[in-house]
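Just below is one structure, and these are the notes that go with it.
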Amino acid sequence: MLDSDFHRGRRLRMKPGVRAMVRENEIRPADLVMPYFVVETDDAGFRKPIGSMPGQFQLSLQQLEKQVAAAVKNGLQSVLLFGIPKEKDEQGSQAYADEGIVQEAVRRLKDRFPELVVITDVCLCEYTSHGHCGIVQKGGEILNDPTLDLLAQAALSHVRAGADIVAPSDMMDGRILALRETLDDNGFASTPIMSYAVKYASAFYGPFREAADSTPKFGDRKTHQMDPANSREALREAAADLDEGADILMVKPGLPYLDIIRQLRDTFDAPIAAYNVSGEYSMVKAAAQNGWVDEERMVMEMMTSFKRAGSDIILTYFAEDVLGWLNK
Ligand code: PBG
């Protein structure tokens, strides 16, 4: 037997205390961001289950506050808000209305939970009648440059309402610069931008579009979101966003793109966020409801893999559950 050549990896796996001692990655409550869908409605009791996302709800302002209060008690430190307006139009004007639903939600949450980090998704698709992320020309093309000012106005209205971080998810070219300049010009030079820098045109957003009522009425998002086959392009997108002033880089979806998270981690020093999207959530939920998998262990393994791949932040619909498990 060649003692010196013989690696006994099991020595460090024999006892729980030793395993804990050599564990390389761990989930902290501060890593987690919980997304919520807030609906503009006169019914204060509105709390509608999202069929494609078991355990998730569309919430009125009042129900949102209640839900967040319970989560904050469990240690939740950050939320991401999506708004569903009463009225939609071609320009998505409710996206940048000062009294819009997300703006109201931000004011309400910051008022009640000043320490909570409130992040807003900046996009037009939940607010446009056609469900696209920008201004649509006759013939169907989504126009890049005319959309930028609307996105910047949306971000500004969120920050004026009190948002701590804005997260543009539209994938128009140049939008980070447009947001940065508008925020700076209006006295918000200190507000960070979390860019959906590397966002793929993914089937994993399917359940979200029911949740956010943002399914495009025609066409798809392939002219702005990335081709799932590409990774060099991801590095270009991330570099461009950093140049334009992004503070945090997000990769989306999460699990099918752990290689991209790792490449960004190895290439850039900026904080990285992984978005564990609706389809990733619903797959686990469906399997768990059938009794096919151990939900807690599976979710914790997924969360750990985001950290191992190099993410600092995890946006996930499991955030409330994970906090509950961490508190056990
Ligand atoms: C666009 C947006 C989407 C998601 C977050 N922001 C949907 C899309 O691009 O179609 C998806 C999130 C998820 O699937 O959980 N505003």
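Counting from 1, the numbers follow the sequence of the chain as shown. Whatever order the structure lists ligands and atoms in, that order sets their numbers, starting from 1. Values below: every heavy atom of this structure, side chains too, minus hydrogens, waters and symmetry copies.
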Report, as yes or no, whether the 6.0 Å neighbourhood of atom CZ on Arg236 holds more than 12 heavy atoms from other residues, nucleotides or ligands.
-> no

Would you tabulate the side-chain donor-acceptor contacts of residues 91-101 under 3.5 Å, counting partners in other chains and residues two or more places apart, or write 'none'?
from  : atom 1 : to    : atom 2 : distance (Å)
Ser93 : OG     : Asp89 : OD1    : 3.4
Ser93 : OG     : Asp89 : OD2    : 2.3
Tyr96 : OH     : Gln91 : O      : 2.9

Arg112: side-chain hydrogen bond (donor to acceptor under 3.5 Å, both in side chains) partners, not counting sequence neighbours | Glu65

Using a 3.5 Å cut-off on N/O to N/O, what pairs does ligand 1 make with the protein? A line per pair would be great.
from     : atom 1 : to     : atom 2 : distance (Å)
ligand 1 : 6 (N)  : Asp121 : OD2    : 3.3
ligand 1 : 6 (N)  : Lys252 : NZ     : 3.4
ligand 1 : 9 (O)  : Lys199 : NZ     : 2.7
ligand 1 : 9 (O)  : Gln225 : NE2    : 2.8
ligand 1 : 10 (O) : Arg209 : NE     : 2.7
ligand 1 : 10 (O) : Arg209 : NH2    : 2.6
ligand 1 : 10 (O) : Arg221 : NE     : 2.9
ligand 1 : 10 (O) : Arg221 : NH2    : 3.4
ligand 1 : 14 (O) : Ser278 : N      : 3.3
ligand 1 : 14 (O) : Ser278 : OG     : 2.7
ligand 1 : 15 (O) : Ser278 : N      : 2.7
ligand 1 : 15 (O) : Tyr317 : OH     : 2.6
ligand 1 : 16 (N) : Asp121 : OD1    : 3.3
ligand 1 : 16 (N) : Glu126 : OE2    : 3.0
ligand 1 : 16 (N) : Ser169 : OG     : 3.1

Any residue meeting side-chain hydrogen bond (donor to acceptor under 3.5 Å, both in side chains) with Arg308, in chain and number order, not counting sequence neighbours = none

NZ/NE/NH1/NH2 to OD/OE distance under 4.0 Å, Asp312 and Arg265 | yes

Asp269 atom CG, neighbour heavy-atom count above 12 within 6.0 Å = no

